[in-house]
Every structure is written in structure tokens, then in C-alpha cells.
Amino acid sequence: MTDRQWQGKTGGGYFGQRFLFFVLKWIPARVMYSVLYITTPFYVLFTPSNRKNIYRYYRLRQRFSAWKSFWSVFANYLVFGKVVLDKFAMMAGNTGQFRISSVENSDDFNALLNKPEGFILASAHVGNFELVGHCLVQDQKRVNGIIFGSESAQMQQQREKSSAESNIRLIPVTDTISHVFAVKNALDNGEIVTELCDRMFGSEKGFLATLLGAEAQFPAGTFRLAAQLNVPIVTLFIMKEHGTTYRGYLSTLQTDSSLPATAQAQNLAQQFATRLENVMHRYPNQWFNYYDFWGDIIKSTYQSNNESINVPKGHHPINPSQAERSVGTSQAQRSVETSQAKLCVGIKEV
């Protein structure tokens with residue numbers, strides 16, 4: 001397996017995962033955060049490939065200085081550890097400790113709930129998408145979560161148990177294409193399909209889209225399906241703020257019916273990448289793809305004497321001030337609180 005590929009399994013082993021499920025069922029996740037300050041340096045030290053890829057992400061894509069990139073690697077590992085603990089706590093049923101302060105543009109979600117058509121809720125490996133599954137508590141549309149089918153039996157069983165309690169059906173992705181038919185049936189029935197749309201699976205075909213100034217591959221299946229079936233795609237990123245408080249960023253992708261289906265799908269993929277880029281600028285330490293995400297498309301060299309970077313011709317880094325403006329929304333838009341949304345029924349608001 002090359003550095004470009006993704007294994008799709010949660011680490012920790014059987015006993016490690018079982019221990020976390022047991023402990024986090026009874027104690028708050030924040031109690032375990034302090035342990036991460038001891039374990040994180042070891043993970044950084046003994047995962048050289050992951051460390052290299054995240055460092056390159058900060059240097060090449062976020063355009064951080066060498067010193068800031070170095071320390072950001074530690075910050076990234078630390079935040080990831082906290083998100084993993086939160087995920088285990090939620091799957092163990094200890095959900096009362098988590099809060100979503102607000103969800104931007106939640107009225108878009110509510111409007112789609114009131115329509116007979118199904119729609120796709122797309123996210124990525126940023127923040128904590130596991131919280132989305134526990135937020136989608138509503139009685140208008142059934143929720144179908146697309147998950148990677150090669151997780152450990154322990155993880156699969158725990159996820160199925162917690163999802164069943166939230167009335168969410170899981171559709172595992174395997175080497176066959178059976179999940180494609182399940183997804184189409186769900187959308188035809190006016191249901192919601194949730195999926196992470198940033199990682200390539202096996203030999204799956206993909207679209208090239210610009211992310212943080214360079215092209216990367218995104219799986220084509222979801223965007224092709226949306227274009228062919230003419231169903232909406234809504235992006236939702238649940239980002240960690242402080243402690244066990246999160247904030248949601250929701251946006252509806254725009255479709256252009258005048259374009260052929262393939263061109264529509266490509267356009268949707270680029271819009272998704274743009275929405276993802278916005279939250280990555282706001283939360284640079286919550287990017288959790290530890291493999292070579294941009295792959296061979298990025299041709300860069302480090303010069304040891306001055307740490308200069310050669311970026312591919314035609315790829316222009318995004319000005320941070322411009323990115324900040326593109327992420328920002330008006331105060332009126334950001335005032336939509338969780339209490340107004342059906343998206344997060346049952347989750348305490350701050």
C-alpha cells in the first residue's frame with residue numbers, strides 16, 4: 001500500500017477500543033484529555049509518515065512558516081486525540097456532555113426536510129463528523145449513513161448500536177457495488193444520505209478539484225449520483241470549538257441544469273472542495289487526513305538551506321486574508337442557533 005492510499009480503519013486494536021468504550025461510557029471525555037499531553041509526543045515521534053504528510057500540509061497548503069508548521073503538527077495530533085475520545089464517548093452512549101453552539105444556515109436543512117425529495121449530506125475528515133449522526137434526530141426523513149466496511153468488528157458493532165438508538169441505518173461500503181443500489185433506493189424514497197466525500201476508496205474514479213491552491217482527487221460517485229438523480233447536496237462540517245462544544249457549518253451546493261451530467265458532477269466536486277477549504281482556513285488544526293492527500297499532483301522540493309518551496313506552475317496559494325473573508329459570514333447569518341434547527345434535536349445548546 002502506497003502513501004497515497006488510505007486504509008480506512010480506526011486504530012487502537014480490539015482491546016484498546018474496548019477499553020475506551022468502557023471507560024468513556026462512564027466518565028466525561030474531558031477527563032481523558034489530560035492523558036493526551038503525555039501520549040501525543042510519542043505518536044508524533046513514532047508515526048513518521050503521518051508526521052511528514054501533516055507537516056507538508058501546513059508548509060505547502062496552509063503556507064505556514066517552518067517553525068509554525070513544526071508546532072502545528074503537535075497541535076493537530078492533540079486535537080485529533082480529543083476528537084477521537086469524543087467519538088468513542090458518543091458511540092458509548094455518553095452524549096449528554098456534547099453541545100453544538102450554533103449551525104450556520106440551518107434553515108437550508110429545515111427547508112429540505114419539508115420537501116418530499118431526498119438529499120445528500122456531505123462532509124469530510126475534518127472536525128467530528130460522528131457528532132452529525134447523533135444530531136440528526138428528527139422524524140421526517142430516515143437517515144442513511146455511508147461507512148467504510150472494513151472497520152474492526154468491535155467498532156462496527158458499537159457504531160451500529162449507537163446509530164440504531166438515533167434511528168440511523170448504516171450502509172457499509174465494500175468491494176462490491178451493493179451500497180450504490182442502497183443509496184439510490186434511499187434517495188428515491190426521499191431519505192437523507194450522509195457521506196464523507198474527501199477520501200478515495202480503492203480504484204474508485206475521482207474528480208480533480210482545487211483545494212488550498214493545488215489539485216486533489218475527490219471520489220466521483222456521490223457527485224455523479226447527485227447530478228444524475230438531480231438531488232441536492234448539502235455540506236455540513238461539525239468543528240470543535242473548546243472543550244466538548246462544537247459549531248456547525250452548513251451550505252447547499254448549487255446545481256446548473258444547463259450542464260451535462262458529468263460537468264455538473266465536476267462542478268459539485270469543486271464547490272465541495274471550496275466549502276471544505278473555507279473551514280480548513282478557519283480550523284487548520286482539524287484536518288485529519290494523515291496520508292499524502294494531494295498525491296503526485298503536488299510536485300514540491302525542500303531546500304535544506306533556506307526551506308524554500310517550489311509550488312507547481314499554475315497553482316497559486318490563497319491569500320489568508322482573502323480566505324478569512326470567504327469564510328466569514330454576516331452576523332445575521334451566524335445568529336441561527338441550534339434551538340431554531342431541527343438538525344440537532346436532543347443536543348444541549350450553549
Side-chain angles (χ1 to χ4, degrees), residues 86-87 89-93 95-96 98-100 103-149 151 155-174 178-199 219 221-223 225-226 229-239 246 248-253 272 275 338-349:
D86 291 350
K87 179 175 73 171
M90 285 183 288
M91 285 195 289
T95 60
F98 300 104
R99 298 174 175 84
I100 295 184
V103 179
E104 288 189 3
N105 301 318
S106 58
D107 52 336
D108 289 358
F109 180 85
N110 294 335
L112 289 172
L113 276 182
N114 294 321
K115 294 181 179 181
E117 298 81 12
F119 61 93
I120 297 171
L121 197 64
S123 192
H125 291 82
V126 294
N128 190 352
F129 188 69
E130 200 72 38
L131 187 58
V132 175
H134 291 272
C135 286
L136 294 176
V137 183
Q138 42 79 37
D139 57 4
Q140 293 178 254
K141 291 182 181 292
R142 186 179 186 179
V143 180
N144 302 267
I146 310 302
I147 62 170
F148 190 82
E151 283 280 16
M155 181 64 69
Q156 290 279 45
Q157 291 172 5
Q158 197 67 38
R159 179 170 281 144
E160 289 173 2
K161 179 181 177 181
S162 62
S163 298
E165 294 173 353
S166 301
N167 195 28
I168 298 173
R169 182 181 68 161
L170 299 181
I171 302 177
V173 176
T174 61
S178 59
H179 62 281
V180 176
F181 297 104
V183 170
K184 184 181 183 302
N185 289 337
L187 292 172
D188 288 342
N189 293 332
E191 300 174 0
I192 302 171
V193 173
T194 68
E195 186 169 6
L196 298 171
C197 298
D198 56 333
R199 290 179 178 175
T222 300
F223 306 110
L225 192 63
L229 299 181
N230 194 28
V231 296
I233 294 185
V234 178
T235 61
L236 178 60
F237 306 106
I238 304 295
M239 311 305 293
Y246 287 80
Y249 297 88
L250 187 146
S251 178
T252 303
L253 303 187
F272 174 81
R275 304 300 194 280
T338 314
S339 59
Q340 297 174 311
K342 296 176 183 176
L343 178 65
C344 296
V345 175
I347 299 295
K348 297 178 181 178
E349 68 173 13

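Positions are given from 1 along the sequence. Since the model is a prediction, treat every value here as computed from it, not as a measurement.
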Stepwise, does the side-chain contact (heavy atoms from CB on, under 4.5 Å) test hold for Glu117 with Val231?
CA-CA 7 Å; Glu117 298 81 12; Val231 296; 5.8 Å; no

Within-4.5 Å side-chain heavy-atom neighbours: [X] and [Y]:
X      : Y      : value
Asp86  : Tyr246 : yes
Lys141 : Val143 : no
Thr222 : Ile120 : yes

Side chain to side chain contact (heavy atoms under 4.5 Å, CB included) with Ala122: which residues, sequence neighbours excluded?
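Ala122 satisfies side chain to side chain contact (heavy atoms under 4.5 Å, CB included) with Cys197, Ile233, Phe272 only.
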
Among all residues two or more places apart in sequence or in another chain, which pass the side chain to side chain contact (heavy atoms under 4.5 Å, CB included) test with Leu225?
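Applying side chain to side chain contact (heavy atoms under 4.5 Å, CB included) to Leu225 gives Val183, Leu187, Leu229.
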
From [X] [atom1] over to [Y] [atom2], what is the distance, rounded to the nearest 0.5 angstrom?
X      : Y      : atom1 : atom2 : value
Ile146 : Arg169 : CD1   : CZ    : 8.0 Å
Asp108 : Leu236 : CG    : CG    : 11.0 Å
Asn110 : Gln140 : CG    : CD    : 8.0 Å
Glu195 : Ile171 : CD    : CD1   : 9.5 Å

Starting from the C-alpha separation in whole Å, work towards a yes-or-no answer on side-chain contact (heavy atoms from CB on, under 4.5 Å) for Phe119 and Ile192.
CA-CA 5 Å; Phe119 61 93; Ile192 302 171; 3.6 Å; yes

Exercise: identify the closest heavy-atom pair between [X] and [Y]:
X      : Y      : answer
Glu191 : Arg142 : CB-O, 3.4 Å
Ala124 : Phe129 : O-CB, 4.5 Å
Gly248 : Ile238 : CA-CD1, 3.8 Å
Asp198 : Pro219 : C-CD, 4.0 Å
Ala186 : Val193 : CB-CG2, 4.0 Å

Do Met90 and Asn128 pass the side-chain contact (heavy atoms from CB on, under 4.5 Å) test, and can you show the C-alpha distance, the side-chain angles, and the key distance before you say yes or no?
CA-CA 11 Å; Met90 285 183 288; Asn128 190 352; 3.1 Å; yes

Hey, does the side chain of Asn105 reach the backbone of Leu250 with a donor-acceptor pair shorter than 3.5 angstrom?
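Side chain of Asn105 to backbone of Leu250: a pair is present.
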
I'd like to know if the side chain of Thr252 and the backbone of Val234 have a donor-acceptor N/O pair within less than 3.5 Å.
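No, the answer is negative, given that no donor and acceptor are paired below the 3.5 Å cut-off.
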
Within a radius of less than 6.0 Å around CG of Asn230, do more than 12 heavy atoms belonging to other residues, nucleotides or ligands occur?
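Check fails, neighbour count at 12 or below.
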
How about Thr235 and Arg275: does a side-chain donor come under 3.5 Å of a side-chain acceptor?
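There is no such pair between these side chains.
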
